[in-house]
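A short write-up of the structure that comes next.
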Number of protein chains: 2
Amino acid sequence: MDLQQFLPYRVAVLAEALSQCVGQVYRERFGLSRDEWRVLAALADGGSHRMVDIAARSTLEKMQVSRAAARMEAAGLLGKLPDPDDGRGWLLRLKPAGRALYAKLVPMVRSREAFLLEALTPEERAVLDRALTRLGQRAAQLLSQG
Amino acid sequence: MDLQQFLPYRVAVLAEALSQCVGQVYRERFGLSRDEWRVLAALADGGSHRMVDIAARSTLEKMQVSRAAARMEAAGLLGKLPDPDDGRGWLLRLKPAGRALYAKLVPMVRSREAFLLEALTPEERAVLDRALTRLGQRAAQLLSQG
DNA sequence: TATTGTTATACTCTATAACTATA
DNA sequence: TATAGTTATAGAGTATAACAATA
């Protein structure tokens, strides 16, 4: 068997490389961790969201969201409001500083993504899109079966 | 911007899922770490290889290879022979126990990979193959430029 | 001077679960 | 009993660089 041709390995190597590409922006230029960047992106619609929803939208654990949110609150990027519908919960919402950061950061990562995608034709992108989705579904199936 | 549609995020999530699928085999059933599994796979051709070559073939740091090899040597999976061509180096080589482990492990991860790929037509697989390669090249380009 | 492999160290991440307060 | 969020802790993984031996 050839490791170089093994799909999980290839995807892992690519993910690592893409993560570094994007990380050069959010980590090195803006001092955010990966989790903080995901929380920022998950709040991008400008709304207020419960932590558990942010977790679902960002593929993070509730604990990771809690910690990232605490750091971002301390940095003045977001605020925590009591959830009016549930006394246990909080709603997260970007503050102006968080929105400003987002507005600077997103065009930069977007243009990196665009550069990456220039490697593919529109048809290839469509296939890739489907492939990522379907492989994810199959992987979930395998994982649920053990 | 929609995190769910962002390519680096999608690839990261998929890589995580695929890594768990394969990890269920090499970690949970055979007690190997990811690095040890990669070293095992990189020695799969039955030959003797320098650590620096294993590192290149497995996308690991020389330090990770050194540590993984030390653990695998202690476990009797591989042996270290002095490199006849370079007094500084060692050649790694699977021992019978390592080859036996490999022979049991590979069919299992192979069948998982095959199950995953059933989600795609042969044409889609070919496109995915090209896409992974080209995206990796572009990412390397971005990283080298900063 | 550069390279192979080893070791040290500090740091980050991850996983698990205990814990509180509400539902 | 179950859920939202917080906190604690231990273990794993990562990054950096110093180091000895050899090229």
Side-chain angles (χ1 to χ4, degrees), chain A residues 9 12-13 15-17 19-20 22-24 26-28 30-39 42-43 48-74 78-93 143, chain B residues 12-13 15-17 19-20 22-24 26-28 30-39 42-43 48-75 78-93 143:
Chain A
Y9 171 78
V13 171
E16 172 82 10
S19 162
Q20 275 188 268
V22 182
Q24 282 185 335
Y26 65 66
R27 189 171 3 251
E28 294 173 24
F30 295 96
L32 292 181
S33 72
R34 188 203 63 168
D35 292 359
E36 288 160 11
W37 149 243
R38 285 200 186 171
V39 169
L43 289 170
S48 306
H49 298 283
R50 300 186 309 149
M51 292 204 189
V52 67
D53 295 329
I54 297 296
R57 291 164 64 157
S58 59
T59 320
L60 295 172
E61 300 289 316
K62 65 178 182 174
M63 180 205 48
Q64 295 173 295
V65 174
S66 169
R67 286 177 176 161
R71 289 189 298 266
M72 293 169 79
E73 188 185 23
L78 57 76
K80 284 161 67 170
L81 320 167
D83 183 344
D85 299 331
D86 187 333
R88 297 168 300 183
W90 301 89
L91 300 179
L92 301 183
R93 185 181 184 79
L143 287 172
Chain B
V13 170
E16 171 82 12
S19 162
Q20 276 189 266
V22 183
Q24 283 186 336
Y26 65 65
R27 188 167 8 245
E28 295 174 22
F30 295 96
L32 292 180
S33 72
R34 188 204 62 168
D35 292 359
E36 288 159 12
W37 149 242
R38 286 199 185 171
V39 169
L43 289 171
S48 305
H49 298 282
R50 300 185 310 149
M51 291 205 190
V52 68
D53 294 329
I54 297 296
R57 291 163 64 156
S58 59
T59 321
L60 294 172
E61 300 288 318
K62 64 177 182 174
M63 180 205 49
Q64 295 172 295
V65 174
S66 170
R67 287 176 176 163
R71 288 188 299 266
M72 292 169 79
E73 188 185 23
L78 57 76
K80 285 161 67 171
L81 320 168
D83 183 346
D85 299 330
D86 187 333
R88 297 169 299 182
W90 300 90
L91 299 180
L92 301 184
R93 184 180 184 79
L143 286 172

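Here is the naming used below: chain letters follow the sequence lines, and residue numbers restart at 1 for every chain.
Residue-to-nucleotide proximity on DNA chain D shows that, of A/Trp90 and A/Glu16, the 5′-proximal contact is made by A/Trp90. Comparing A/Gly87 and B/Gly89 by the nucleotide of DNA chain C that holds the closest heavy atom to each, the one mapping nearer the 5' end is B/Gly89.
Note on A/Glu61: nothing from the nucleic acid sits closer than 4.0 angstrom, heavy atoms only. Among the protein residues, A/Asp86 comes within range of the sugar-phosphate backbone only, with heavy atoms under 4.0 Å from sugar or phosphate atoms but none that close to a base. In this structure, A/Asp83 reaches neither bases nor backbone, as no heavy-atom distance under 4.0 Å exists between it and the strands shown.
One can place CD of B/Glu28 at 12 Å from P of C/dA15, the figure rounded to the nearest angstrom. Remark: P of D/dA4 and CG of A/Leu60 are 16 Å apart, rounded to the nearest angstrom. With rounding to whole Å, B/Leu32 atom CG is found 15 Å from D/dA12 atom C1'. To the nearest angstrom, P of C/dT4 lies 16 Å from NE2 of B/His49. Summarising the geometry, the separation between CG on B/Asp85 and P on C/dT4 is reported as 13 Å, rounded to the nearest angstrom. In this structure, the CG atom of B/Leu81 is 16 Å from the C1' atom of C/dT4, given to the nearest Å. In this structure, the CD atom of A/Gln64 is 15 Å from the P atom of D/dG5, given to the nearest Å. Straight-line distance from the CZ atom of B/Arg27 to the C1' atom of D/dG11: 13 Å, rounded to whole Å.
Scanning all heavy atoms of the two residues, the minimum distance from A/Ala12 to B/Arg38 falls at CB-NH2, 3.9 Å.
Taking CZ of A/Arg88 as the start and CG of A/Asp83 as the end, the distance is 9.5 Å to the nearest 0.5 Å. We find the CD-CG distance between B/Gln20 and A/Leu143 to be 5.5 Å, quoted to the nearest 0.5 Å.
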Can you check side chain to side chain contact (heavy atoms under 4.5 Å, CB included) on B/Trp37 and B/Arg27, steps first, answer last? CA-CA 9 Å; B/Trp37 149 242; B/Arg27 188 167 8 245; over 6 Å; no
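Set against D/dG13, C/dT6, D/dA4, the side chain of A/Arg50 has D/dA4 as its closest nucleotide. Ranking C/dA8, C/dG5, D/dG5 by closeness to the B/Arg67 side chain, first place goes to C/dA8. Minimum atom distance to the side chain of A/Arg88 is reached by D/dA4, of the listed C/dC13, D/dA4, C/dA17. Comparing atom distances between the B/Asp35 side chain and each of D/dT14, D/dG5, C/dG5 picks out D/dT14 as nearest. The nucleotide whose nearest atom lies closest to any side-chain atom of B/Met63 is, among C/dA17, D/dT16, C/dT6, D/dT16.
Residue A/Ser66 places no side-chain N or O under 4.0 Å from the OP1 or OP2 atom of D/dG5. Not one side-chain nitrogen or oxygen of B/Lys62 sits closer than 4.0 Å to the OP1 or OP2 atom of D/dA15.
Looking at B/His49 and B/Leu91, their side chains never come closer than 4.5 Å, going by heavy atoms from C-beta outward.
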